[in-house]
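Notes follow once the structure below has been shown.
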Amino acid sequence: MDKGFPDAVEPLPRDFFDRPAPEVAPALLGCVLAHETPEGVVAVELTEVEAYAGELDPASHAYRGKTPRNAVMYGPPGYAYVYFTYGMHFCVNVVCLPAGTANAVLLRAGRVIAGEDLARRRRSARRLVPDDQTPLRVLPARELARGPARLCQALAIDRAQNGLDFCDPASPLRLSGAASGAGTGASRTISAGPRVGVSAGADTNWRFWVADEPTVSAYRPHKARSR
DNA sequence: CGTCGGATAATCT
DNA sequence: GATTATCCGACGA
């Protein structure tokens with residue numbers, strides 16, 4: 001048998017995402033996110049996610065209505081909403097609920113289950129300074145997709161993937177159900193807490209993660225900047 | 001292990 | 001002009 005990425009696994013049905021984000025989010029833990037590029041496939045088992053409830057949620061990008069950036073969130077469920085932030089990072093979401101609403105689940109972290117070498121290459125090749133003599137650090141496996149921007153870098157997700165369909169079997173970006181009997185397996189205790197890095201809505205426990213998973217990112221409260 | 005400052009630019013007010 | 005759904009390296013314990 002091939003130990004690589006299971007191509008035969010079907011993507012999650014669109015109905016799966018036709019629910020409020022706080023309901024979809026915990027259900028996504030343990031599911032498999034894969035991105036196929038000319039370089040190869042990298043796949044992770046999701047270990048940490050966050051729910052954003054659109055216009056009713058002060059922490060959501062859709063809190064102040066539709067804009068060019070968040071337009072995908074107002075579309076049908078099961079599509080990828082990718083945004084650029086902090087001048088250098090990308091984060092990826094899955095859109096929830098029907099068109100006209102703007103719920104989404106932010107995919108925050110995962111455990112690499114396929115394409116580990118490729119993921120490590122992408123995550124290590126950072127500094128592009130010509131004279132940089134800094135030795136390349138060898139990242140532990142748990143660090144490859146530990147955090148939303150790191151996950152995107154390991155899977156090579158950027159602007160080009162905004163709007164792709166997670167439910168299309170032919171899509172290079174796929175989201176499929178938990179592999180039966182594989183990986184972490186049994187211990188599926190889910191924990192919940194406040195979302196990371198948000199200034200508003202920090203009182204809502206819409207961050208969900210797999211308990212005792214080393215790939216879950218560290219919590220850090222939002223910090224206001226002093227000019 | 002933990003906390004902290006700086007990087008860096010799209011997006012929105 | 002201010003803010004940002006973050007990361008990394010530095011430094012202290």
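Not measured: the values here are computed from a predicted model. Here is how names work: the chains are called A, B, and so on, in the same order as the sequence lines, proteins then strands, and each is numbered from 1.
Of the candidates C/dA5, B/dA7, C/dC7, the closest approach to any side-chain atom of A/Leu106 belongs to C/dA5. Nearest nucleotide to the A/Val198 side chain, out of B/dA7, C/dA5, B/dA10: C/dA5. For A/Pro148, the side-chain atoms get nearest to C/dC7 when compared with the rest of B/dA10, C/dC7, C/dA5.
Between the CZ atom of A/Arg220 and the P atom of C/dT4 there is a distance of 14 Å, rounded to whole Å. Rounded to an integer number of Å, the gap from A/Gln153 CD to C/dC7 P is 10 Å. To the nearest angstrom, P of C/dA5 lies 7 Å from OH of A/Tyr52. Between A/Leu151 atom CG and C/dC7 atom C1' there is a gap of 14 Å when expressed in whole angstrom units. What separates CZ of A/Arg64 from P of C/dA5 is a distance of 11 Å, to the nearest Å. Regarding A/Glu48, its CD atom lies at a distance of 9 Å from the P atom of C/dC7, rounded to whole Å. Atoms CG (A/Leu144) and P (C/dC8) sit 11 Å apart, rounded to a whole Å. When rounded to the nearest whole Å, the span between CH2 of A/Trp209 and C1' of C/dA5 equals 16 Å.
Remark: A/Phe84 engages A/Phe90 in a ring pair (Phe, Tyr, Trp, His ring centres under 6.0 Å) (not counting sequence neighbours).
Judged as a side-chain hydrogen bond (donor to acceptor under 3.5 Å, both in side chains), the pairs with a partner in residues 192-208 of chain A (not counting sequence neighbours) are, in order, A/Glu48-A/Arg207, A/Asp57-A/Arg195.
When the side-chain nitrogen and oxygen atoms of A/Thr85 are compared with OP1 and OP2 of C/dA5, none of them lie within a distance under 4.0 Å. Residue A/His89 has no polar side-chain atom (N or O) positioned under 4.0 Å from OP1 or OP2 of C/dC7. In this model, the phosphate group of C/dT4 is approached by a side-chain N or O of A/His222 to a distance below 4.0 Å at OP1 or OP2.
For a distance-only test at 3.5 Å, the side chain of A/Tyr86 fails to qualify as a donor-acceptor partner of the base of B/dA9.
Remark: A/Arg122 engages A/Glu39 in a salt bridge, criterion side-chain N to carboxylate O under 4.0 Å. Taking 4.0 Å as the cut-off between side-chain N and carboxylate O, A/Glu143 and A/Arg123 do not count as a salt-bridged pair.
Annotation: cation-pi geometry not satisfied between A/Arg14 and A/Phe17 (NZ/CZ under 6.0 angstrom from ring centroid, within 45° of ring axis).
Atom CZ of A/Arg142 sits about 9.5 Å away from atom OG1 of A/Thr215, to the nearest 0.5 Å.
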Original post:
Dot-bracket for DNA chain B: what is it, with Watson-Crick or G-U pairs under 3.5 Å, [ ] where a pair crosses earlier ones, and | for a pair to another strand?
Top reply: |||||||.||||.
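No contact: A/Arg195 has no heavy atom under 4.0 Å from any strand.
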